2 protein chains.
Amino acid sequence: MTLDAVAREAGVSLATASRALNGTTRVRDDLRSRVRAAADLLGYIPNAHAQALASSDGNRTVGLICHDVSDPYFAGIASGVMRAAAEQDLLVMLASTFREPAREIAYVSMLRAQRARAILLIGSGFQDRAWERGMDAELDPYVRAGGRVAVVSRHRSLRVDTVQPENRAGAAELAKALVALGHREFAVLTGPPELTTVADRLAGFREGLAQAGISLDRVVRGAFTREGGHLAARRLLASGGPRPTCVFAVTDVMAVGALAALREAGVRVPEDMSLAGFDDIPVVRELSPPLTTVALPLTEMGERVIALALRTPSGAGRSRVVRIDGEVVLRGSTGRPPHGS
Amino acid sequence: MTLDAVAREAGVSLATASRALNGTTRVRDDLRSRVRAAADLLGYIPNAHAQALASSDGNRTVGLICHDVSDPYFAGIASGVMRAAAEQDLLVMLASTFREPAREIAYVSMLRAQRARAILLIGSGFQDRAWERGMDAELDPYVRAGGRVAVVSRHRSLRVDTVQPENRAGAAELAKALVALGHREFAVLTGPPELTTVADRLAGFREGLAQAGISLDRVVRGAFTREGGHLAARRLLASGGPRPTCVFAVTDVMAVGALAALREAGVRVPEDMSLAGFDDIPVVRELSPPLTTVALPLTEMGERVIALALRTPSGAGRSRVVRIDGEVVLRGSTGRPPHGS
DNA sequence: ACCTTACCAGAAAGCGCTTTCTGAAAGCGC
DNA sequence: GCGCTTTCAGAAAGCGCTTTCTGGTAAGGT
């Protein structure tokens, strides 16, 4: 069904039919209702491609690039994006990179081809020369051509609007809270260091400890997944030397894996060892003990990032930053350190 | 940057430039590389809308409609869909209905307008007259026009391809396994009865019990969320009468809430009461005790449903069904019933 | 040397819309 | 009643591509 057919059915011109349905200009009421009736009768569905091609203001879609929708952190943010998009009748094109930088760049290119109104990058931020160059090469012309880009996470080089969780400050706060509980011996379970998020949280935690004159000498690296956390915790326990009294996993997802590993090794949490994470994904509240973490308002972050992207670009070309504070939430997984230690 | 500009830069015609980049017909090698070079130089990005409009075979997008991405059940399936889509260079347009039937219909309409190659409905299946009529009215012309539709869940009226978890059989199996543990007094925490999934699981559980000559007389209804499960469990405990020794929540998400409610009420699981769910979303393994449930291969279901949709429509117009078996997984949340009971 | 194939580049016709431009009809003041 | 503005419908020009169709050139057959 084309608009042409509708116009013919209604006995008006193509132009009138278009105007009647889109309501942009005044059309006589009787003609408008005749067109509407004809469209209903014929089951007319406009062709969004033709519309996008013909009209000046692009189409009603935004692109959302994340690592993996089944990761609760992204799912939380994505949910916020979707809700905001739904309110504005926007369709979201979702792309999962599965953590491959090359795929991320390819997706930006695809979204550019789709003339997405905005491109949102969630939890991106590889610290990788090739990725940065490629990403810049894609994003720069896009922005220059009026495309909007917004990112959740810090970006070293890209001059785009960002929603930035205060990873550094949050981790520092957490460290101080843990020190206040009496801990002195810490270990951190960290992720791929090329992600800015990881680097910031680790640095922040170090800072927080440093303020109490404590140095961090146990850092175990693992993949950014539950299994990564599990493995990292096992490696921590296996490595000799005095056991830390408190472990910080840089993401809740890793902390979940770590908790399982500790339990399997017979380490009681928090009696023998305290454990904390970061993000406050929904599941951590269900663990026993529930996890101490730094809470981030994930849904709100999603809403913020899409709002940021959709706002008209700032005149001076300065990139805007929305800072999101994390809140330390002490739960059952942390307690005072064991006496003997 | 338009193709026209690229063609001019390369000193060839528009048609040649198009053919050179898409590689559909033979083009002399030197011309092809000249076009490629020109496209690179100018940073040419094709306009997907123009392509879709001009070419016969639509565009490279599929639509995915689900209730909420932040629900782990959908996230698991969506992850499978995304992975399969990525392999075929398809972009996924995701729409969250937040459980509003009207929104679901509106999204189908939007996806039709976008000329999505396929429309996937996950966990849909309202049993609601108005919804069915509206959905049919959208889907029918779409399919007739060559659009593909596939659904996860059973559909009463819609003649579309479906991926169907064996909800009924799975719940029946679960019931038998629980009876085998010694339980005789059951309660079910159920969701909105207009969802076929709920109806099937409840019916299946009843059947399984019936085979052991046990009747189910405690059914508490709640929302299809963690909070719904929490509230339903609280209501169950509050209602007088003898307590059941075993509770089945029709989804794991509800079971998670129920477990929290039981714990808050001082009911030990499984010593005082056993608890089981359905779906095997990742989180249930992390609970203590880990949840007994009926495992569904969520990622695989996602891959199946998109594969189903993308296959050419079956000649006879018969709708295909892929049945997915659930597997009962007994974990720590279920045990023998308490003695005194 | 001539005619037939084969191959491939270019011209041009759309795809289904939006939007400007043009013009007819109607309303207004004098 | 005449020329003015105002209102609104229709004609037509694209938007940026793909894809026929046409035609020119080189290769192959006799």
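Below, chain A is the first sequence line, B the second, and so on; all start at residue 1. Remember, it's a predicted structure, so these values are computed and weren't measured experimentally.
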What's the closest nucleotide to the side chain of A:Gln51 if the choices are D:dA11, C:dG14, C:dT18?
C:dT18
Nearest to the side chain of B:Val27, which nucleotide is it out of C:dA9, D:dC17, D:dG14?
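The answer is C:dA9, which lies nearest to the side chain.
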Please report, rounded to the nearest Å, how far the [atom2] atom of [N] is from the [atom1] atom of [X].
X	N	atom1	atom2	value
B:Arg8	D:dC17	CZ	C1'	15 Å
B:His49	C:dG16	NE2	C1'	13 Å
B:Leu14	D:dT18	CG	P	8 Å
A:Gln114	D:dG16	CD	P	16 Å
A:Arg28	D:dT6	CZ	P	20 Å
A:Leu53	C:dC17	CG	P	12 Å
A:Asn59	D:dG16	CG	P	14 Å
B:Arg115	C:dG16	CZ	C1'	9 Å

In plain terms, say whether B:Arg36 and B:Asp40 are close enough for a salt bridge, that is, a side-chain N and a carboxylate O under 4.0 Å apart.
no
Does A:Glu303 pair with A:Arg83 as a salt bridge, N-O distance under 4.0 Å?
no
Can you tell me if B:Thr16 touches the phosphate of C:dG10, counting only side-chain N or O atoms and a distance under 4.0 Å to OP1 or OP2?
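Yes, B:Thr16 has a side-chain N/O under 4.0 Å of OP1/OP2 on C:dG10.
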Does B:Asn22 place a side-chain N or O at less than 4.0 Å from the phosphate oxygens OP1/OP2 of D:dT18?
yes
A:Ser18 near the nucleic acid: base, sugar-phosphate alone, or nothing, with a heavy-atom cut-off under 4.0 Å?
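Base: the residue A:Ser18, judged by heavy atoms under 4.0 Å, touches a nucleobase.
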Test item: A:Ser55 side-chain N/O and A:Gln51 main-chain N/O as donor-acceptor pair under 3.5 Å
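Here the side-chain-to-backbone pair exists.
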Can you tell me if B:Arg323 uses its side chain to pair, donor with acceptor, with the backbone of B:Val321 under 3.5 Å?
no
As an exercise, state the distance from OH of B:Tyr107 to CG of A:Asp89, rounded to the nearest 0.5 Å.
7.5 Å
Considering heavy-atom distances to DNA chain C, does B:Val12 or A:Pro46 have its closest nucleotide positioned more toward the 5' end?
B:Val12
Starting from the 5' end of DNA chain C, give me the residue, B:Ala54 or B:Asp30, whose nearest nucleotide shows up first.
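The residue whose closest nucleotide sits nearer the 5' end is B:Asp30.
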Under a 3.5 Å cut-off for both contacts, is C:dA13 paired Watson-Crick or G-U wobble with anything, and if yes, with which nucleotide?
D:dT18
Does D:dG29 pair with anything, Watson-Crick or G-U wobble, both distances under 3.5 Å, and if so, with which nucleotide?
C:dC2
Looking at the base of C:dG10, is there any donor atom on it, or on the side chain of B:Arg19, that sits under 3.5 Å from an acceptor on the other one?
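Pair found.
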Closest-nucleotide mapping onto DNA chain D: is A:Ser13 or B:Leu3 further toward the 5' terminus? I mean the 5' end.
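Here A:Ser13 is the residue nearer the 5' end.
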